[in-house]
Amino acid sequence: DAGVTQSPTHLIKTRGQQVTLRCSPKSGHDTVSWYQQALGQGPQFIFQYYEEEERQRGNFPDRFSGHQFPNYSSELNVNALLLGDSALYLCASSPGQGTDTQYFGPGTRLTVL
Amino acid sequence: QKEVEQDPGPLSVPEGAIVSLNCTYSNSAFQYFMWYRQYSRKGPELLMYTYSSGNKEDGRFTAQVDKSSKYISLFIRDSQPSDSATYLCATFQGAQKLVFGQGTRLTINP
């Protein structure tokens with residue numbers, strides 16, 4: 001059983017560009033959450049998707065948007081990239097919207113130059 | 001004030017030592033507490049998940065929650081070089097939103 005997978009592994013972009021990151025949840029999981037982890041910091045919650053809708057959102061600007069597909073996979077889009085967007089972006093999946101364990105993927109490391 | 005505070009370390013101990021990692025939290029409504037382990041350039045991996053106060057043991061790992069002082073701890077017995085990683089404490093803020101501490105970087109020296 002594959003765990004949470006994310007693509008790409010690494011990405012280098014320049015300021016002002018747009019980026020799309022992808023996540024496939026663990027089998028049987030229908031809820032996907034996205035986190036941003038800056039170097040030396042703990043992950044920060046961006047938003048969560050369930051039933052193809054954004055259910056919760058953290059303190060991130062509208063430049064950060066997402067989507068969930070019928071097969072529960074998800075995308076994170078970031079527009080107008082800033083240098084400060086450089087971070088490890090983590091996807092986590094869980095079986096529902098309660099306080100179930102969240103399983104994290106390996107992350108996508110984004111570097112903005 | 002951050003919702004979850006954690007000493008970032010770094011912490012370096014000899015192999016075989018008992019390691020104590022700690023976090024404090026600000027909101028007494030928090031009830032679910034987790035410890036994740038994160039190896040360099042990898043995603044966090046759940047180690048321990050506890051509810052409310054008390055202790056939970058799993059092999060060499062013990063998680064402890066003291067709700068009266070809003071203090072959570074992770075103890076590692078007989079520490080091994082493979083335990084070298086960053087340890088993150090976390091709690092649920094509402095349903096499904098995890099709030100993390102900064103992480104403590106731990107090195108176990110052979």
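Throughout, protein chains are lettered first and strands after them, A, B, ... in sequence-line order, and every chain is numbered starting at 1. Given the structure is predicted, the values throughout are model-derived calculations rather than measurements.
- Residue Lys67(B) qualifies as enclosed at atom NZ: its count of foreign heavy atoms under 6.0 Å is above 12.
- Ring geometry, Tyr32(B) versus Tyr49(B): the interplanar angle exceeds 60°, so the pair is classed perpendicular (tilted spans 30 to 60°).
- Using a 4.5 Å cut-off between heavy atoms, Thr101(A) contacts chain B through both its backbone and its side chain.
- Exactly one residue among Asp66(B), Asn55(B), Asn22(B) makes a side chain to side chain donor-acceptor pair (under 3.5 Å) with Ser73(B). That residue is Asn22(B).
- Looking at Thr31(A), only its side chain comes within 4.5 Å of chain B, counting heavy atoms on both sides.
- For Gln6(B), no part lies under 4.5 angstrom from a heavy atom of chain A.
- Taking chain B as the reference chain and counting heavy-atom pairs below 4.5 Å, the highest number among Pro106(A), Gly42(A), Pro43(A) is found for Pro43(A).
- Contacts of Lys97(B) with chain A are made by both backbone and side-chain atoms, with heavy-atom separations under 4.5 Å.
- Options Gln37(A), Gln44(A), Gln102(A) differ in how many heavy-atom pairs under 4.5 Å they form with chain B, and the most are formed by Gln102(A).
- Looking at Leu46(B), the atoms closer than 4.5 Å to chain A (heavy atoms on both sides) all sit in the side chain, from C-beta outward.
- With a 6.0 Å radius and a threshold of 12 heavy atoms from other residues, nucleotides or ligands, Leu39(A) has its CG atom at or below the threshold.
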- Item | Check against side-chain contact (heavy atoms from CB on, under 4.5 Å), Arg55(A) and Gln68(A) | CA-CA 11 Å; Arg55(A) 299 292 178 167; Gln68(A) 186 178 35; over 6 Å; no
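- Classification of the Phe104(A)-Phe100(B) ring pair by plane angle, with boundaries at 30° and 60°, yields perpendicular.
- In this structure, Ile72(B) CD1 and Gln64(B) CD are separated by 11.0 Å, a value rounded to the nearest 0.5 Å.
- Neither the backbone nor the side chain of Tyr51(B) has a heavy atom closer than 4.5 Å to any heavy atom of chain A.
- Gln41(A) touches chain B through backbone and side chain together, each having a heavy atom under 4.5 Å away.
- When heavy atoms are compared at a cutoff of 4.5 Å, Tyr35(A) approaches chain B solely by way of its side chain, counted from C-beta outward.
- Within the 4.5 angstrom heavy-atom criterion, no atom of Pro8(B) approaches chain A.
- Gln56(A) touches chain B through its side chain: at least one heavy atom from C-beta onward sits under 4.5 Å away, while N, CA, C and O do not.
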